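Quick notes on the structure that follows.
Ligands are counted one by one from 1 in listed order, and the atoms in each one are counted from 1 as well. Computed from a predicted model, the values in this text were never measured in an experiment.
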Amino acid sequence: MSSTTFKIAALAGDGIGPEVMRAALQVLRAVEKKFALSFAITEAPVGWAGIDAAGQALPDATLALCRASDAILFGSVGLPDRDPTIPKEQRPERAALLRLRKEFSLFANLRPVQLPKVLAHSCPLRPERQGDGLDLLVVRELTGGMYFGQPKKTEEIPGGHRAIDTMVYTTPEIERIAHVGFQAARLRRKKLTSIDKANVLENGILWRETVTRIGKQYADVTLEHMFVDNAAMQLMLRPTQFDVVLCENMFGDILSDEAAALAGSLGMLPSASLGATSGGVTFGLYEPAGGTAPDIAGKNLANPIAQILSAALMLRYSFQREDAARAIEAAVGKAIADGLRTGDIYNPADATAQKVGTTAMADAIAAAV
Ligand code: IPM
Ligand code: MG
C-alpha cells in the first residue's frame with residue numbers, strides 16, 4: 001500500500017480543548033504507526049487562544065492554514081467569563097466556529113449518538129427504555145436557518161430593545177441536506193425522521209415538502225415527519241424508534257445535545273461538519289459536540305473520547321480510511337469494555353469500573369489502536 005500524507009489543521013481552542021486535542025493527536029500518531037499513512041499535523045490558535053495570540057478569534061494565519069489543509073480537527077472555543085468583554089461579533093463562537101462553518105460551506109453536520117450496553121447506567125432513562133442500547137445519527141443542517149439568516153440585530157425601541165433573528169431556508173439548501181440524510185440512512189437501518197415545525201413555521205412547511213419530494217428518490221428508506229416538540233419528547237420516551245434524525249440548524253443543535261445526554265455524556269459525542277464532495281474529496285471540520293467546560297479545564301478530568309472519535313470521523317469522511325476509523329472506534333470500545341471511565345461516565349456502583357483521567361484514557365486508547 002502506498003503511503004499517503006494527509007494535512008491536518010489542529011485547532012485546540014479554549015478550556016478543555018488543548019488537553020483533549022493532545023489525546024486525539026496521540027491516538028492519530030498510533031494510527032500512523034499501524035496503517036500505511038502519515039499525518040502532517042499543524043497546530044494553530046483559535047478562539048480565546050487566537051485572540052490572545054493574534055488579536056482575532058480566527059487569526060488570518062489559522063484560516064490560511066485551514067485552507068491549505070485536507071481537514072480541520074477542532075477542539076472547542078469560548079469562555080463564558082471572558083466572552084462578554086468583547087463585542088458579540090468578535091466572540092469565538094461567532095467569529096471562529098460559525099465563520100469556519102460558513103467559510104468552508106460545511107452544511108452537513110453528522111452527530112452519531114451511541115450508548116453501549118456497558119454504559120447503560122450513564123443514561124438517564126430507565127433500562128427498559130434503552131432497548132439493546134441506543135444508536136442514532138443526528139444530521140443537522142449547519143450553515144442556514146436562524147444562526148445565519150439576515151436581518152440579525154438588536155435595535156433600540158421606546159421602552160427597551162428589539163432583537164431580531166431570521167429563520168431562512170431555500171429549496172436547494174434543504175435538498176442537499178436531505179440527500180445527506182437519506183444517504184446516511186441507507187447505510188444504517190433505513191429510517192429517516194425529518195424534524196420540523198410545519199404547524200407554525202413557513203420554514204417548516206417548505207422543509208417538509210422538500211424532504212418528502214427528495215424522499216421519493218430513496219424508496220428503500222422509510223421517511224417519517226415529526227414536529228420538533230414531539231421529537232424532544234419522543235427522544236425521552238422511546239429513543240430506540242430513531243435511526244437518522246434530520247434537522248434544520250437550531251433544532252439539530254438542541255436535539256443533538258438531548259440525544260447526547262441519552263448516550264451518557266456530551267463528552268462522548270463526536271461530530272463531522274462536511275462540505276460538498278469534489279473529486280471524491282470531502283473537506284470537513286471535526287469537533288466534539290460539547291463545549292470548553294472551563295470548570296474542569298487543565299485538571300486532567302475531561303473525557304477525551306468525543307475528540308478522539310471526531311478524529312475517527314475525519315479518517316472516515318475526509319480521508320476515506322474506514323479501516324483506520326474503525327480501529328480508533330474499536331480502541332475506544334475496548335477502553336470502555338476494560339472498565340476505564342472518566343468522571344462523567346463513572347459509576348461508583350460498578351465494581352469493574354476504574355476512574356481515570358484524560359491522559360490515562362488517551363494512553364489506553366492509543367495502546368489499543
Ligand atoms: C454546537 C455548539 C455551537 C452551535 C455553538 C458553540 C455556536 O453548540 O456545535 O452544537 O450552536 O452550533
Ligand atoms: Mg450545540
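Using a cut-off of 2.8 Å, one finds that D253 contributes an N/O/S atom close to the Mg ion (ligand 2).
Here R140 has side-chain heavy atoms under 4.0 Å from ligand 1, and that is the only part of it that gets that close.
Taking the centre and axis of the six-membered ring of Y147, the NZ or CZ atom of R99 falls outside the cone set by 45° and 6.0 Å.
No side-chain donor-acceptor contact under 3.5 Å links S122 to the backbone of G264. The closest donor-acceptor contact from the side chain of N300 to the backbone of G357 lies at 3.5 Å or more, if one exists at all. For the pair K191 (side chain) and F242 (backbone), a donor-acceptor distance under 3.5 Å is absent.
The nearest protein atom to atom 11 (O) of ligand 1, hydrogens excluded, is given as D253 OD2, 3.0 Å; this is a heavy-atom distance. The protein non-hydrogen atom at the shortest distance from atom 6 (C) of ligand 1 is E93 CG, 3.6 Å.
For ligand 1, one of its N or O atoms has an N or O atom of R111 under 3.5 Å away.
The heavy atom nearest to atom 12 (O) of ligand 1, considering only R91, R94, R101, E287, is found in R101.
Residues R111 and S256 have side chains that bring a donor and an acceptor to within less than 3.5 angstrom of each other.
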